[in-house]
Amino acid sequence: VQLQAFGGGLVQAGGSLRLSCSACGSIFSIKNMGWYRQGPGQQRELVATITDIGITSYADSVKGRFTISRDNAKNTVYLQMNSLKPEDTAVYYCNADRIRSAWGDYSFDHWGKGTLVTVSS
């Protein structure tokens with residue numbers, strides 16, 4: 001299974017970006033998908049997660065500004081980021097966990113390579 005993220009870039013504070021991440025491979029279903037980020041000199045932190053039935057959770061720092069969603073048919077997760085702040089600058093990574101393959105076996109904790117989001121003040 002491979003994850004590929006798109007949508008990063010440079011945006012001014014107050015602006016918006018939409019990230020997307022698609023999982024490719026022999027996939028029957030994905031239980032959890034999410035976004036994490038790692039800012040300069042910081043540890044990777046959770047941004048938002050979503051289950052296969054649409055239950056979401058968010059870091060306090062992004063609540064009310066970011067929205068996570070997914071398209072199960074496309075094995076794709078999205079992150080709509082509004083009212084961006086300079087402190088949102090980070091490499092954003094997508095994650096897919098508990099993936100059931102077409103053959104019925106499971107794999108866990110897959111990561112994409114990351115996409116850079118830079119918010120200028």
Side-chain angles (χ1 to χ4, degrees):
V1 174
Q2 292 186 334
L3 302 178
Q4 190 164 12
F6 301 94
L10 174 64
V11 64
Q12 289 187 333
S16 298
L17 280 176
R18 187 187 193 215
L19 306 182
S20 63
C21 176
S22 296
C24 303
S26 175
I27 299 171
F28 179 78
S29 64
I30 303 174
K31 178 64 176 178
N32 302 310
M33 301 188 80
W35 291 95
Y36 293 72
R37 68 185 182 186
Q38 186 167 14
Q42 299 179 357
Q43 292 186 335
R44 190 174 299 187
E45 63 177 2
L46 180 147
V47 176
T49 61
I50 185 168
T51 71
D52 55 350
I53 59 172
I55 299 172
T56 60
S57 65
Y58 295 91
D60 288 343
S61 59
V62 307
K63 282 180 181 177
R65 301 188 297 121
F66 291 9
T67 302
I68 190 170
S69 60
R70 64 188 281 178
D71 184 332
N72 290 334
K74 296 181 179 179
N75 295 321
T76 298
V77 62
Y78 306 95
L79 186 68
Q80 178 65 44
M81 305 185 292
N82 299 328
S83 303
L84 282 160
K85 305 175 181 180
E87 51 263 44
D88 294 318
T89 295
V91 177
Y92 284 71
Y93 299 89
C94 60
N95 176 272
D97 190 40
R98 192 173 171 79
I99 296 176
R100 183 181 177 187
S101 76
W103 297 283
D105 55 324
Y106 289 87
S107 60
F108 302 87
D109 206 24
H110 295 264
W111 292 91
K113 289 186 177 180
T115 184
L116 176 63
V117 172
T118 303
V119 184
S120 63
S121 57

Taking all non-hydrogen atoms of both residues, which atom of [X] and which atom of [Y] are closest, and how far apart?
X	Y	value
Ala96	Ile30	CB-CG2, 4.0 Å
Val77	Cys94	CG1-CB, 4.5 Å
Thr49	Ser57	OG1-OG, 2.6 Å
Thr76	Ser22	OG1-OG, 2.8 Å
Gly7	Leu17	O-CD2, 3.9 Å
Tyr58	Thr67	OH-CA, 3.4 Å

Do Lys74 and Ser20 come within less than 4.5 Å of each other through their side chains, counting heavy atoms only?
no
Heavy-atom side-chain contact between Val119 and Met81 under 4.5 Å
no
So, does [X] use its side chain to make a donor-acceptor pair with the main chain of [Y] at under 3.5 Å?
X	Y	answer
Arg65	Ser83	yes
Arg70	Thr51	yes
Ser26	Ala102	yes
Asn95	Met33	no

Do Thr118 and Thr89 meet the criterion of a side-chain donor-acceptor pair at a distance under 3.5 Å?
no
Same apolar cluster (I L V M F W Y, side chains within < 4.5 Å links), [X]/[Y]:
X	Y	answer
Tyr78	Val47	no
Val62	Leu79	yes
Leu46	Ile68	no
Leu84	Trp35	yes

Arg100 to Phe28, cation-pi by 6.0 Å centre distance and 45° axis angle:
yes
Pairwise distance [atom1]([X]) to [atom2]([Y]) - rounded to 0.5 angstrom:
X	Y	atom1	atom2	value
Asn72	Ser29	CG	OG	9.0 Å
Phe66	Asn82	CZ	CG	8.5 Å
Ile99	Phe108	CD1	CZ	9.5 Å
Gln38	Leu116	CD	CG	12.0 Å

Salt bridge (charged side-chain N to carboxylate O under 4.0 Å, His left out) evaluation trace for Lys63 with Asp60
CA-CA 5 Å; Lys63 282 180 181 177; Asp60 288 343; 3.1 Å; yes
Assess whether atom CD of Gln42 is packed by more than 12 heavy atoms of other residues, nucleotides or ligands within 6.0 Å.
yes
Check whether more than 12 heavy atoms from other residues, nucleotides or ligands sit under 6.0 Å from atom CD of Gln2, and answer yes or no.
no
List the steps, then state whether side-chain contact (heavy atoms from CB on, under 4.5 Å) holds for Val1 with Ile27.
CA-CA 8 Å; Val1 174; Ile27 299 171; 4.1 Å; yes
Is there a salt bridge (charged side-chain N to carboxylate O under 4.0 Å, His left out) between Arg98 and Asp52? Walk through the geometry before answering.
CA-CA 10 Å; Arg98 192 173 171 79; Asp52 55 350; over 6 Å; no
May I ask you to decide if the ring planes of Tyr36 and Trp111 are parallel, tilted or perpendicular, using 30° and 60° as cut-offs?
perpendicular
